[in-house]
Protein chains: 2
Amino acid sequence: MFDALHHLVAQFVTLSDREKSILESAFVFKQVPRKFPLVKHGQIANELYFINKGMLRLFYENDGDEITAYLFRENLFASSYDSFLRQAPSIQSLETLEETDLLVITHQKMNELYETLPKFNILTRKIAEQRFINAQQILSSFLLDSPEARYAKFVEQNGDLLLRVPHHIIASYLGMTPVSMSRIRNRLAQQKR
Amino acid sequence: MFDALHHLVAQFVTLSDREKSILESAFVFKQVPRKFPLVKHGQIANELYFINKGMLRLFYENDGDEITAYLFRENLFASSYDSFLRQAPSIQSLETLEETDLLVITHQKMNELYETLPKFNILTRKIAEQRFINAQQILSSFLLDSPEARYAKFVEQNGDLLLRVPHHIIASYLGMTPVSMSRIRNRLAQQKR
DNA sequence: TCCTTCCATTAACAATTGTAAAGAAATGAG
DNA sequence: CTCATTTCTTTACAATTGTTAATGGAAGGA
């Protein structure tokens, strides 16, 4: 149950068995069905999730339609980070895309961990740094690439998601409409012939 | 000389006088002229900068032309972060826009600080978290706003930079061409009449 | 101060994207 | 298994952006 979590943590810090069990005891297992809302826009996110199985989507609600901010898959930490970190009302919503198995830690438990497990500061620092680098890579794709190139890169890196996530959700993640993405798919498919 | 730095640090952690002097001793003051290259694309960034006065721009070099990744102003830490954090060759370049006064800390000195000043982990974690939230806000503007709205927001938040930074540098930061930004400026100016 | 380089705007045209709507196919809940 | 809902694609048109080029003006180095 905690294998994937320990495997991720081990990439950043080395923990003793004792420290591992302190870490484990801070999390609670939770299985949630498809389309289950974990954070609603306007609420304060007070949980952080580690995904054992399934997928989450973080999205904005923009007068009626939903714009994907990020897609979380297995073995990632997920949350509405801005809300969770600042403990302020979330401008994003978080929902499952599939039936999902989560390890849940509350904001309060995390603060306790900073005390009982000093290495936790290093761990979260490195994870925050990595998230920043990731955000910067996505941003760079908006600055440097055409929508067509951005879609092509997405397929290269996350091609499997095309079969797992509705296309209009991917389209909004790539900053385009489903119509435009369909045209791009058409163009790229014809180039390959 | 260290006033602005201490002021920023105080927003995240409380340091004793002794800790403050440890922090100070890790930095070196450096004044650099306009258009001075601090990190060249391909190099490994091994310095982090705190800006006392002046401005830096972080940019990509895309077959000949330069695309702004970020604009750093006074009282901010600046670096080619991906390169600095991973100690890998930088895909970005970092340059001064004006004559600039910097406090410089090396990657090695930073690792020493993590040992001699444990609170430094907390400080850098919180700064990394803040940078992530900032990156996410910028990204959300690409997902949610039209180029016109993105320009309008920029003016609202950083209007003074229009007089301080060449427009084509701002345009590429906003993900558009200088021509398109000029048209948008024209449109918005006419709406106000 | 002079001169070269850089910079912002405008114009015209091509290409791409957004919007709205409709139909066919796939999917999930009961 | 069936039916309502969701999802993907296509079409036509409007709007916006990119591209290239030219001009006038500003700015900075010698």
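A quick note: this is a predicted structure, and the numbers were derived from the prediction, not measured. Letters A, B, ... mirror the listed sequences (proteins, then strands); counts begin at 1.
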Identify the pairs formed between an N or O of the protein and an N or O of nucleotides 18-25 of chain D at a distance under 3.5 Å, and give each distance.
residue, atom, partner, partner atom, Å
D/dG18, OP2, B/Thr177, OG1, 3.1
D/dG18, OP2, B/Ser180, OG, 3.3
D/dG18, N7, B/Arg183, NH2, 2.8
D/dG18, O6, B/Arg183, NH1, 3.3

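- A donor-acceptor pair under 3.5 Å is formed between the side chain of B/Glu19 and the backbone N or O of B/Ser16.
- There is no path of hydrophobic side-chain contacts, each under 4.5 Å, that joins B/Val39 to B/Phe59.
- Counting only distance, with no hydrogens or angles, the side chain of B/Thr100 and the backbone of B/Glu98 share a donor-acceptor pair below 3.5 Å.
- Salt-bridge check for A/Glu95 with A/Arg57: passed, with a basic side-chain N closer than 4.0 Å to an acidic carboxylate O.
- Side-chain contact of B/Tyr151 with B/Arg187: a donor-acceptor pair under 3.5 Å is absent, judged by distance alone.
- Applying the ring pair (Phe, Tyr, Trp, His ring centres under 6.0 Å) test between A/Phe77 and each of A/Tyr49, A/Tyr70, A/Phe50 identifies A/Phe50 as the sole match.
- Side chain of A/Ser21 to main chain of A/Arg18: a donor-acceptor pair is present (N/O by atom type, distance under 3.5 Å, no hydrogens or angles).
- Contact annotation: A/Asn186 does not reach the phosphate of D/dT9 (side-chain N/O to OP1 or OP2, under 4.0 Å).
- Chain B approaches DNA chain C within less than 4.0 angstrom (heavy atoms of the protein), and the contacting nucleotides run 5' to 3' from C/dC7 to C/dA12.
- Looking only at side-chain heavy atoms (C-beta outward), B/Pro178 and B/His167 stay at 4.5 Å or farther from each other.
- Using a 4.0 Å cut-off between charged side-chain N and carboxylate O, A/Lys20 and A/Glu24 make no salt bridge.
- Side-chain polar atoms of A/Ser90 and A/Ser83 form no donor-acceptor pair below 3.5 angstrom.
- Of the residues in residues 151-171 of chain B, those placing a heavy atom less than 4.0 Å from an atom of DNA chain C are B/Pro166, B/His167, B/His168, in numerical order.
- Regarding contacts with the backbone of D/dT17, every side-chain N or O of B/Arg150 stays at 4.0 angstrom or more from both OP1 and OP2.
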